[in-house]
Amino acid sequence: MKIATFNINGVKARIEALTAWLDDARPDVALLQEIKSLDEGFPREIFEDRGFFVETHGQKGFNGVAILSKLPLEDVERGLPGDDSDEQARWIEATVVGKIAVRLVGLYLPNGNPAPGPKFDYKLAWMDRMKARVAHMLTLEMPLVFGGDYNVIPDAIDAAKPEAWVDDALFRPESRAAFRSIVNMGLTEAIRTRDPRPGIYTFWDYQAGAWQKNNGIRIDHMLLSPQAADVLIDAGIDKAVRDGDKPSDHVPVWIELDA
DNA sequence: ATGGTGGTCATACCA
């Protein structure tokens, strides 16, 4: 089972780039972030025509997550628990059953800039809530896949110019510590585990020729429960997508599970 | 220190 995560930066603006990638990469599951669409405005037929089941958790203008899956999506849950006043659409869960059942989470972690400030506080509080949700899900003792845009650069080797990010919410010590504490509950960071070398990026800013200079950062991650890590076959990044027509500023990250 | 690009929605906000 091939499971990918892709921050598409607007589903309407990315129809062509997204469908071209789906047809080429052929994931069984695609976790999408920043759909920037209400549920009723999501062009679900385009994906259903390609054989995908579609579940969305959108909001107007910003944020929004979705799951596309060739297998039926069961027990869908929307929203990260822990704050009833939080109206931002950043979390969706569903189960797919292939050879074995896999619980999927698609997540769009808050950016948090400027830091310090209320947006940074929201980011750190959101990460606390995520940690609690992960702890609960780990008690299921089943394959769990947490894929998404984490807006966290885990280490200096995950940025082409780490010195440029020292005061940024994506690289502040608090953000990295919170990410580390989630991983250290017993999750496997798929890309880092498969290839620990520096220089693997998933995001290149639209500005200042970041892509042409390979001035990238690695902020899109796949975290696996022990039961998912046991069946991890491969993991990678579809870097070439960044060179396509009207690309997102992120590229897809994928894993292959024996599941 | 500033502005550089892009998406959404229609004016600023977000990244």
Side-chain angles (χ1 to χ4, degrees), chain A residues 5-21 30-44 46-47 56-66 80 85-91 106-127 130 147-154 158-172 174-176 178-179 201-221 237 239 241-253:
Chain A
T5 178
F6 189 6
N7 179 324
I8 56 174
N9 189 21
V11 68
K12 295 174 189 70
R14 215 63 63 208
I15 293 291
E16 294 197 15
L18 176 56
T19 54
W21 167 73
L31 308 168
L32 304 179
Q33 301 88 41
E34 281 206 273
I35 63 173
K36 297 186 174 181
S37 168
L38 292 164
D39 293 335
E40 53 267 39
F42 192 86
R44 54 188 307 127
I46 290 172
F47 308 105
T56 61
H57 180 39
Q59 69 178 90
K60 188 183 172 100
F62 311 109
N63 304 326
V65 289
L80 176 62
S85 69
D86 185 2
E87 295 182 347
Q88 299 194 32
R90 297 179 173 275
W91 184 274
L107 67 104
Y108 177 45
L109 206 148
N111 175 297
N113 280 305
K119 291 188 177 180
F120 192 54
D121 296 340
Y122 173 69
K123 176 179 195 157
L124 297 178
W126 199 97
M127 295 181 84
M130 175 172 173
D149 176 359
Y150 282 71
N151 270 314
V152 175
I153 302 165
D158 300 308
K161 297 184 177 179
E163 67 279 6
W165 295 92
V166 290
D167 293 323
D168 194 284
L170 278 59
F171 194 55
R172 300 251 315 190
E174 301 95 322
S175 307
R176 297 169 58 202
F179 178 80
Y201 310 130
T202 66
F203 169 93
W204 295 260
D205 202 287
Y206 288 120
Q207 303 180 77
W211 167 246
Q212 288 74 17
K213 298 176 194 166
N214 194 28
N215 180 16
I217 53 177
R218 194 174 70 91
I219 56 176
D220 299 272
H221 308 298
I237 289 166
K239 186 175 182 181
V241 170
R242 189 64 176 79
D243 244 340
D245 292 331
K246 282 200 70 179
S248 171
D249 39 7
H250 296 250
V251 297
V253 176

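Here the structure is a predicted model, which means the values were calculated and not measured. Order of the sequence lines fixes the chain letters, A, B, ..., with proteins taken first and strands second; residue numbering starts at 1 for each chain.
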Asker: Could you give the NE2-to-P distance, from H250(A) to dA15(B), as a whole number of Å?
Answerer: 11 Å
Asker: Using heavy-atom distances to pick each residue's nearest nucleotide on DNA chain B, tell me which of S37(A) and P110(A) is more 5'.
Answerer: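 Per heavy-atom nearest nucleotide, the more 5' residue is S37(A).
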Asker: Starting from P on dG7(B), measure out to CD on Q33(A) and report it in whole angstrom.
Answerer: 17 Å
Asker: Nearest whole Å is fine: how far is dT5(B) C1' from R14(A) CZ?
Answerer: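 So the two atoms are 12 Å apart, to the nearest Å.
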Asker: Which pair of non-hydrogen atoms, one from V152(A) and one from M127(A), has the smallest distance, and what is that distance?
Answerer: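 The pair with the smallest heavy-atom distance is CG2-CE, 3.9 Å.
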Asker: Separation of Y206(A) atom OH from dG3(B) atom P, in whole Å?
Answerer: 22 Å
Asker: When the P atoms of dG6(B) and dT2(B) are compared, how many Å lie between them, rounded to an integer?
Answerer: 23 Å
Asker: Just by distance, do the side chain of R218(A) and the backbone of P154(A) share a donor-acceptor pair under 3.5 Å?
Answerer: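 No; zero donor-acceptor contacts below 3.5 Å.
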Asker: Give DNA chain B the dot-bracket treatment, 5' to 3': Watson-Crick (N1-N3 with N6-O4 or O6-N4) or G-U (N1-O2, O6-N3) under 3.5 Å, [ ] crossing, | other strand.
Answerer: ....((((...))))
Asker: Can you identify which nucleotide, out of dG4(B), dC9(B), dA15(B), has its nearest atom closest to the K60(A) side chain?
Answerer: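 Ranking dG4(B), dC9(B), dA15(B) by closest atom to the K60(A) side chain puts dC9(B) first.
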Asker: Hey, is CG on D243(A) packed in by over 12 heavy atoms from elsewhere, all under 6.0 Å?
Answerer: yes
Asker: Report the nucleotide, chosen from dG4(B), dA15(B), dG6(B), that has the shortest atom-to-atom distance to any side-chain atom of K119(A).
Answerer: dA15(B)
Asker: What integer number of Å spans the C1' atoms of dG4(B) and dC9(B)?
Answerer: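 These two C1' atoms come out 22 Å apart once rounded.
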Asker: Scan side-chain atoms only and decide if W204(A) and N214(A) contain a donor-acceptor pair under the 3.5 Å cut-off.
Answerer: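 Side chains of W204(A) and N214(A): pair found under 3.5 Å.
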Asker: Does N9(A) form a side chain to side chain donor-acceptor pair (under 3.5 Å) with K36(A)? I'd like the steps, not just the answer.
Answerer: CA-CA 7 Å; N9(A) 189 21; K36(A) 297 186 174 181; 2.8 Å; yes
Asker: Starting at atom CG of D205(A), determine the distance to atom C1' of dC14(B), rounded to an integer number of angstrom.
Answerer: 13 Å
Asker: Assess the residue pair I35(A) and I8(A) against the criterion (side-chain contact (heavy atoms from CB on, under 4.5 Å)); give the C-alpha distance rounded to whole Å, side-chain angles, the decisive distance to 0.1 Å, and a yes or no.
Answerer: CA-CA 7 Å; I35(A) 63 173; I8(A) 56 174; 4.2 Å; yes
Asker: Rounded to whole angstroms, how far apart are CG on D249(A) and C1' on dT8(B)?
Answerer: 14 Å
Asker: If each of A208(A) and K12(A) is mapped to the nucleotide of DNA chain B with the nearest heavy atom, which maps nearer the 5' terminus, i.e. the 5' end?
Answerer: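 Closest to the 5' end, via its nearest nucleotide, is A208(A).
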Asker: Take atom CD of Q59(A) and atom C1' of dT8(B), then tell me their distance rounded to the nearest Å.
Answerer: 12 Å
Asker: Report yes if at least one side-chain N or O of K246(A) is closer than 4.0 Å to OP1 or OP2 of dG6(B); otherwise report no.
Answerer: no
Asker: Would you say K161(A) has more than 12 foreign heavy atoms packed within less than 6.0 Å of its NZ?
Answerer: no
Asker: Pick the C1' atom in dA15(B) and in dG3(B), then give their distance to the nearest Å.
Answerer: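 Straight-line distance between the two C1' atoms is 15 Å.
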Asker: Between P on dC14(B) and CG on D149(A), what's the gap in Å once rounded to a whole number?
Answerer: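 Taking atom P of dC14(B) as the reference, CG of D149(A) is at 16 Å.
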Asker: Using a heavy-atom cut-off of 4.0 Å across all strands, would you classify F203(A) as base, sugar-phosphate, or nothing?
Answerer: nothing
